[in-house]
Amino acid sequence: MVQASVKKTSVRLNQKLAIFGGTPTFGDKIYVGRPNIGDRLHLLNRINDILDRKWLSNGGKYVQEFESRIAKILGVKHCIATCNGTVALQIAAKAANLTGEVIVPSFTFIATAHALQWLGLTPVFCDIDPHTHTIDPQMVEKLITRDTSAILGVHVWGQPCNVEALSAIAQRHNLKLIFDAAHAFYSSYQGRAIGNFGQAEVLSFHATKFLNTFEGGAVVTNDDELANSIRLMVNFGFAAGYDNAMSIGTNGKMNEVCAAMGLTGLESLDEFITINHRNYKLYQQELGGIPGVRFFTFNESEKNNYQYIVLEIDEKITQISRDRLMQILHAENILARRYFYPGCHQMEPYRSLFPLSQEQLPYTNCLGERILTLPTGTAIIPEDISKITRIIRFVLEHGLSISQKLS
Ligand SMILES: *Cc1c(COP(=O)(O)O)cnc(C)c1O
């Protein structure tokens, strides 16, 4: 009796899914990574001032103010703002004199690996801890060779790496330690802000990140000498004054309009956090307890920016794959994303350069097949989350019958 009625509703709801010809839940597409935008008038006032003062780049007033605000918020000595996070990674790696091999997770955005490869360094891909999704310190130690110069950890989802273990390994083997903190602005580790660990940490302020400057990034460090080198490198190696290059540099400068956007965003930081946290709790509440689904949770006794809502779908239990679920959501105009699929080692040039790494990264491969990130940020309201989670819940609770119908 119960069985029959469950079947009946599921058939009815099935027909309503857009993938089966129903009307999409959302008329407009809902994206992962819609930008958080602060007070528009404040931004426009700053841009007007920039135009009035006719100073658009080259360490202007707004870049200086942005750098000192970031440094103050993180409690770090130096912040050097850059044109984006990728260039910041390249500059940090070069300024820290990395050579040969650098151990890095494959479960990250491709820019982490590209920044190294671009400099002629060799990224050596390391597996992750399946619980935290960050680089596995035990495997790091096994990958160290005579050519290893550094470890580049990534605070994936803003969840800090095991900084303590990595620092101990770096110290023991005399390696540099740098962090890609592109996701981790505002996160803390053992009560201390991310930005204070290793030789340097790299932030991204890309439009999709928690705090954005349209495009932008920064290197933050407590090392005076390293900060000096980075400052030179960001601006062609030019020292103070005119016409005096001290060393090889590039153009990695942030411009004034980007800094104005960053300063405007910083004014609304508390609001961004509050909304992200509200969204996170709603998703958690609505998606809790589904067999085969892990909702990635953050340690709430630390600071987090909650910029990613992350699900792990175990197809063996849900009987519907992550890719099918994504297809269904896309049909509903919910553009959930597979961050980071495939792992860096499965993309070129790394797939050809390091064919063996395929077998050495079981957790990265497994997670790459399971992960789905959902829309959040200030563009998402609670009603959106109710609609999104209702569909996800329905699909996962009827995994087998929907899978069969789709195949
Ligand atoms: C976004 C991102 C970057 C690159 O930052 P850009 O500012 O886009 O160049 C690097 N690493 C990770 C993990 C990222 O998510």
Side-chain angles (χ1 to χ4, degrees), residues 31-36 63 66 70 79-94 102-119 121 123 125-126 128 132-135 150-161 178-187 194-195 197-198 200-220 230 234 250-255 257-259 261-262 265 276 296 304-310 337-345 347 350 364 367-368 371 373 376-377:
Y31 295 94
V32 172
R34 266 288 161 92
N36 294 324
V63 165
F66 183 65
I70 296 289
C79 169
I80 300 101
T82 61
C83 54
N84 61 53
T86 305
V87 164
L89 276 169
Q90 290 170 349
I91 290 174
K94 188 153 178 87
V102 178
I103 300 169
V104 65
S106 174
F107 190 74
T108 179
F109 182 55
I110 195 76
T112 318
H114 277 355
L116 299 171
Q117 186 77 18
W118 191 265
L119 294 173
L121 300 165
F125 293 117
C126 184
I128 46 168
T132 64
H133 299 180
T134 55
I135 192 166
I151 304 164
L152 175 53
V154 182
H155 305 306
V156 176
W157 319 132
Q159 150 94 28
C161 296
I178 292 177
F179 291 104
D180 177 340
H183 298 182
F185 174 63
Y186 195 80
S187 299
I194 289 297
F197 302 102
E201 301 207 56
V202 172
L203 304 169
S204 167
F205 303 119
H206 180 254
T208 55
K209 302 300 203 283
F210 167 64
L211 176 74
N212 88 83
T213 59
F214 299 111
E215 290 267 5
V219 187
V220 288
I230 291 167
V234 165
T250 184
N251 182 358
K253 299 188 299 294
M254 178 178 278
N255 69 57
V257 172
C258 290
M261 182 67 166
N276 277 0
F296 190 91
N304 300 286
N305 59 38
Y306 301 100
Q307 90 181 287
Y308 294 100
I309 303 291
V310 182
R337 297 291 302 272
R338 300 175 291 190
Y339 290 156
F340 302 98
Y341 167 85
C344 295
H345 68 289
M347 291 199 266
Y350 313 106
T364 301
L367 196 60
I371 216 89
T373 61
T376 185

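Counting starts at 1 for both ligands and their atoms, in listed order.
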Margin query: In the structure I gave you, are the side-chain heavy atoms of Gln117 and Tyr350 within less than 4.5 Å of one another anywhere?
Written below: yes
Tabulation required: pairs of a nitrogen or oxygen in ligand 1 and a protein nitrogen or oxygen under 3.5 Å; columns are atom names and distance to 0.1 Å; otherwise 'none'.
| from | atom 1 | to | atom 2 | distance (Å) |
| --- | --- | --- | --- | --- |
| ligand 1 | 5 (O) | Ser204 | OG | 3.2 |
| ligand 1 | 7 (O) | Gly85 | N | 2.7 |
| ligand 1 | 7 (O) | Ser204 | OG | 2.7 |
| ligand 1 | 9 (O) | Gly85 | N | 3.3 |
| ligand 1 | 9 (O) | Thr86 | N | 2.9 |
| ligand 1 | 9 (O) | Thr86 | OG1 | 2.6 |
| ligand 1 | 11 (N) | Asp180 | OD1 | 3.4 |
| ligand 1 | 11 (N) | Asp180 | OD2 | 2.7 |
| ligand 1 | 15 (O) | His183 | NE2 | 2.7 |
| ligand 1 | 15 (O) | Lys209 | NZ | 3.2 |

Next item on the list: Check Cys161 against Ile135 and note the closest heavy-atom contact, atom names and distance.
Entry: SG-CG2, 4.2 Å
Next item on the list: For Thr86, enumerate each residue passing the side chain to side chain donor-acceptor pair (under 3.5 Å) test, keeping only those at least two apart in sequence or located in another chain.
Entry: none
Check: So, for His183 and Phe340, is the gap between ring centers shorter than 6.0 Å?
Finding: yes
Next item on the list: Hey, can you tell me if His133 and Phe107 have their rings parallel, tilted or perpendicular (30° and 60° cut-offs)?
Entry: perpendicular
Checklist line | Residue pair Gly85 / Val202: nearest heavy atoms and the distance that separates them | finding: O-CG1, 3.6 Å
